[in-house]
Amino acid sequence: MNIVCLDMEGVLVPEIWIAFAEASGIPELKRTTRDEPDYHKLMDFRLNILREHGLGLKEIQATIAGIAPLPGAKAFLDELRATTQVIILSDTFEQFAQPLMKKLGWPTLFCNTLEVAPDGAITGFRMRCEQSKLTTVKALQSIGFETIAAGDSFNDLAMIQASKAGFLFKSTEQIKADHPELPAFEAFDDLLGAIKAAL
């Protein structure tokens, strides 16, 4: 019994914060988990910048409304879900992800939630659990599933390494160089083939 665990941003959809950095003209917000392994530190940094510029959830959601899945992502996900069970494990937030899940055909998503003030200011965030991707993979394994995982960033490495098969997808040259033991792919067809071979 297999279950595939996929990262969302950078794998199925563009990075939300990079899109918002471009839309808002604030280059510091381009920093992602590809650059900063400590997610709490990264989010605190982002929220401070939002406060400094008086930006909140409404502005970010307006940017997200214009984001489309990566070319080929929905077809890849549709074929994968027709073959095996799939869960998207993401460090994003419910308030960001919903319109993107609609565009991907409503796959199952485990993510986190934002704390939002009545005026729309993002005041904080609540993580679903510590090391959410690794914790979820281990929990799935504890109830009889074998996991196959794919992602692009530092925060995906633990779930990839803990799975019976794991892949880097559209990752950075540095992460690929640091982890030559992990097969790395750039095209959805290649990733799909590797996952099917591991089932």
Side-chain angles (χ1 to χ4, degrees), residues 1-19 21-22 30-37 39 64 66-92 96-97 99-111 131-141 144-199:
M1 288 179 285
N2 294 285
I3 194 158
V4 175
C5 300
L6 298 174
D7 178 37
M8 183 181 85
E9 292 181 71
V11 172
L12 298 171
V13 303
E15 293 279 354
I16 290 168
W17 287 97
I18 290 177
E22 289 167 355
K30 288 188 177 178
R31 195 165 176 75
T32 72
T33 49
R34 291 173 166 216
D35 312 299
E36 174 53 70
Y39 192 73
I64 292 169
I67 294 176
L70 293 172
K74 186 174 185 304
F76 159 78
L77 202 51
D78 287 347
E79 185 167 345
L80 188 58
R81 289 167 72 199
T83 307
T84 188
Q85 298 297 308
V86 180
I87 297 179
I88 297 171
L89 301 182
S90 176
D91 282 335
T92 194
F96 291 178
L100 297 167
M101 292 303 98
K102 183 177 182 181
K103 292 173 184 177
L104 286 169
W106 298 112
T108 300
L109 169 71
F110 290 0
C111 65
Q131 289 189 292
S132 62
K133 297 183 184 191
L134 176 61
T135 302
T136 303
V137 159
K138 286 187 169 177
L140 291 166
Q141 292 165 349
F145 286 102
E146 291 194 279
T147 60
I148 297 167
D152 69 319
S153 294
F154 286 111
N155 64 335
D156 300 314
L157 291 171
M159 75 166 178
I160 291 170
Q161 291 162 335
S163 293
K164 77 164 183 178
F167 309 104
L168 294 171
F169 187 67
K170 296 184 182 292
S171 191
T172 66
E173 292 306 316
Q174 187 61 59
I175 292 173
K176 287 188 281 189
D178 289 346
H179 295 278
E181 77 282 4
L182 297 177
F185 302 105
E186 298 297 320
F188 283 114
D189 285 350
D190 295 336
L191 178 60
L192 184 65
I195 292 171
K196 285 183 173 181
L199 290 171

Looking at CD of Glu36 and CG of Asn155, how far apart are the two atoms once the value is rounded to the nearest 0.5 Å? 11.0 Å

More than 12 heavy atoms of other residues, nucleotides or ligands under 6.0 Å from CD of Gln131: is that the case? no

Evaluate side-chain hydrogen bond (donor to acceptor under 3.5 Å, both in side chains) for Glu9 paired with Ser90, printing each intermediate quantity in order. CA-CA 8 Å; Glu9 292 181 71; Ser90 176; 4.6 Å; no

Between the CD atom in Glu79 and the CD1 atom in Ile195, the distance rounded to the nearest 0.5 Å is 10.5 Å

Enter the distance from Lys133:NZ to Lys138:NZ here, rounded to the nearest 0.5 Å. 16.0 Å

Nearest heavy-atom contact between Leu100 and Phe96 is CD1-O, 4.1 Å

Backbone N/O of Leu104 and side chain of Lys74: donor-acceptor pair under 3.5 Å: no

Would you say the side chain of Leu77 lies within less than 4.5 Å of the side chain of Phe188, judging by non-hydrogen atoms? no

How about Leu157 and Asp178: do any of their side-chain heavy atoms sit closer than 4.5 Å? no

Can you tell if the side chain of Asp156 reaches within under 4.5 Å of the side chain of Met159, non-hydrogen atoms only? yes

Rounding to 0.5 Å, atoms CG (Leu182) and CD (Gln161) come to a distance of 6.0 Å

Between Lys170 and Leu70, is there a side-chain heavy-atom distance shorter than 4.5 Å? yes

Do you know the tightest heavy-atom contact between Val137 and Cys5? CG2-SG, 4.0 Å

Would you say that Val4 contacts Thr83 through its side chain, given a criterion of any heavy-atom pair below 4.5 Å between the two side chains? no

Closest approach of Ala149 to Ser163 (non-hydrogen atoms, all atoms of both residues): CB-OG, 3.6 Å

Could you check whether any side-chain N or O of Gln85 sits under 3.5 Å from a backbone N or O of Phe145, counting only pairs where one atom can act as donor and the other as acceptor? no

Measuring from atom CZ of Phe185 to atom CG of Leu192, what distance do you get when rounded to the nearest 0.5 angstrom? 10.5 Å

Closest non-hydrogen atom pair, Pro107 against Met101: CD-O, 3.6 Å

Closest non-hydrogen contact found for Ala184 with Lys176 is CB-CD, 3.5 Å

Salt bridge Lys30-Asp35, side-chain N to carboxylate O under 4.0 Å: no

Once the angle between the rings of Phe169 and Phe76 is folded into 0 to 90°, is it parallel (under 30°), tilted (30 to 60°) or perpendicular (over 60°)? parallel

With rounding to the nearest 0.5 angstrom, report the OG1 to CD distance, Thr136 to Gln141. 11.0 Å

If you compare all heavy atoms of Ile16 against all heavy atoms of Met8, which two are closest, and at what distance to 0.1 Å? CD1-CE, 4.2 Å

Are any side-chain N or O atoms of Tyr39 and backbone N or O atoms of Asp91, one a donor and one an acceptor, separated by less than 3.5 Å? yes

Would you indicate whether the side-chain heavy atoms of Leu140 and Ile87 approach each other to under 4.5 Å? yes

Are Leu12 and Asp7 side-chain neighbours, meaning at least one heavy-atom pair lies under 4.5 Å? no

Taking Ala198's backbone N and O only, do any of them form a donor-acceptor pair with Lys164's side chain (distance below 3.5 Å, no angle check)? yes

With a 4.5 Å cut-off on side-chain heavy atoms, are Leu6 and Leu80 touching? yes

